[in-house]
Number of protein chains: 2
Amino acid sequence: MKWDEIENEVCSVSRTLAVVGDRWTMLIIRDAFLRVRRFDDFQKNLGMSRHRLSERLKKLVEYGVLRKEAYQANRYEYRLTEKGLELYPILISMAKWGDKWMDDGKGVPMLYKHNTCGKHYKPVVVCSECGEPIDPHDVTPEIGPGKFASSRAHSALHHVLKSAGK
Amino acid sequence: MKWDEIENEVCSVSRTLAVVGDRWTMLIIRDAFLRVRRFDDFQKNLGMSRHRLSERLKKLVEYGVLRKEAYQANRYEYRLTEKGLELYPILISMAKWGDKWMDDGKGVPMLYKHNTCGKHYKPVVVCSECGEPIDPHDVTPEIGPGKFASSRAHSALHHVLKSAGK
DNA sequence: CGCCATCGGTTCCAAAATGGAACTTAAGCC
DNA sequence: GGCTTAAGTTCCATTTTGGAACCGATGGCG
């Protein structure tokens, strides 16, 4: 596989990375969640080249993660769509991991208050069916219908999953 | 900021991306969770260049996400450490987002069985304090102690957070 | 023992992506 | 009418990545 074929992989992680797996893209999303909306604000906050920013924003709009909206003649804002807002679990999981494992000893950079209960919270990933927190050791991945249809990928992964039982 | 200074940003998302934000890295992690462990297996599964794979694996070992372990003289396995295992919420959140938003109409590529309850599950991010599912609209980010120490970043973000109240 | 295959890389060069400064275009503002 | 700001685009230098070929240490096998 080449990197630009990643979107066509039969894997939801690959397809997600086709959208947000580029250098800078998740940082643009992070800023969008912090209500940054304008070209120059993104550029100043991130320090990336205008060139690249322009391209990334265009791509995110094409994918439907951001929408571009004029707030004056010839002046635009970029805002998260529903699709973009649903990236939140990925973003907040990254923040939690960084808080724990990339700490520099000066305390966490940001706190997140859950307005519903009023407390600073950490995200916890739980099972949609039983509500228990997920431990990766307690999860068994299985070939789904989409992957089954793709026989080459199927056999390659099938081998891995079978042999992993050892 | 330049990309290779990203690790030193006062932001846990940036610091996480310093480890897993490179092209290919999350796919290596994905494979590791599917119990791929050997150099040639990663290379064949991913189709990336041996050159790059070699570098990425080395970096992940340096960061303590993978550990390299000889299973024979001169033959090695790469396995997730505790630090690596805790990337699971990020990975499974990406899978969920891709399932929903990057579907190609052929059904989901993979299903995940939660052994604890025996059902196929979706990850749900809930609040560590009250247990309710998190809606990003119900979260207020606040400057934490680590960010407060960094005054330039503080003032820039402070502005954003204040003006966002409008 | 000697040969061959496999694994786990490294080297080297071409191709692609990124960075950065300068330029452009269209409003608004005074 | 001239100045400023926002939102890009252009063009070239620098960095990263891709890919094929090479290399050295085991291990298996006749």
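Residue numbers begin at 1 in each chain, while the letters A, B, ... track the order of the sequences. From a predicted model like this one, the values you see are computed outputs, not experimental measurements.
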Would you find a donor on one side and an acceptor on the other, under 3.5 Å apart, between the side chain of [X] and the backbone of [Y]?
X: A/R56; Y: A/R23; answer: yes
X: A/K119; Y: B/C127; answer: no
X: B/W97; Y: A/K83; answer: yes
X: B/T16; Y: A/G98; answer: yes
X: A/T25; Y: A/G21; answer: no
X: A/S14; Y: A/E7; answer: no
X: A/Q43; Y: A/M48; answer: yes

Item to complete: Any salt bridge (charged side-chain N to carboxylate O under 4.0 Å, His left out) involving residues 36-52 of chain A? Give me the pairs, sequence neighbours left out, ordered by first then second residue.
Response: A/R38-A/E77, A/D40-A/R50, A/R52-A/E55
Worksheet item: Do any pairs count as a salt bridge (charged side-chain N to carboxylate O under 4.0 Å, His left out) and have a residue in residues 126-137 of chain A, sequence neighbours left out, and if so which ones?
Response: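 As it turns out, there is no salt bridge (charged side-chain N to carboxylate O under 4.0 Å, His left out) pair with a partner in residues 126-137 of chain A once direct neighbours are skipped.
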Worksheet item: When all nucleic acid strands are considered with a 4.0 Å heavy-atom cut-off, which category describes B/Q72: base, sugar-phosphate, or nothing?
Response: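 The answer is sugar-phosphate, as B/Q72 gets under 4.0 Å only of primed atoms, P, OP1 or OP2.
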Discussion item. So A/Y78, base contact, sugar-phosphate only, or nothing? Heavy-atom distance under 4.0 Å.
Written reply: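 If one applies the 4.0 Å heavy-atom cut-off, A/Y78 turns out to touch the sugar-phosphate alone, with no base involved.
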Response to the item:
Residues passing the salt bridge (charged side-chain N to carboxylate O under 4.0 Å, His left out) test with A/K122, sequence neighbours excluded, are A/D99
Return the polar atom pairs (N/O with N/O) between nucleotides 5-7 of chain C and the protein under 3.5 Å, or none.
unit_1: C/dT6; atom_1: O2; unit_2: B/R75; atom_2: NH2; d: 2.9
unit_1: C/dC7; atom_1: O4'; unit_2: B/R75; atom_2: NE; d: 3.4
unit_1: C/dC7; atom_1: O4'; unit_2: B/R75; atom_2: NH1; d: 3.2

Worksheet, complete the sentence: Per-nt protein contacts along nucleotides 14-19 of chain C (heavy atom under 4.0 Å; B base, S backbone sugar-phosphate only, - none) come out as ---SBB
Fill in: Value in whole Å for how far the C1' atom of C/dG9 lies from CG of B/D41
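Whole-Å distance recorded here is 15 Å.
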Discussion item. With a strict under 4.0 Å distance from non-hydrogen atoms of chain B, what nucleotide opens and what nucleotide closes the contacted stretch of DNA chain D, reading 5' to 3'?
Written reply: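 On DNA chain D, the outermost contacted nucleotides are D/dT17 to D/dG27.
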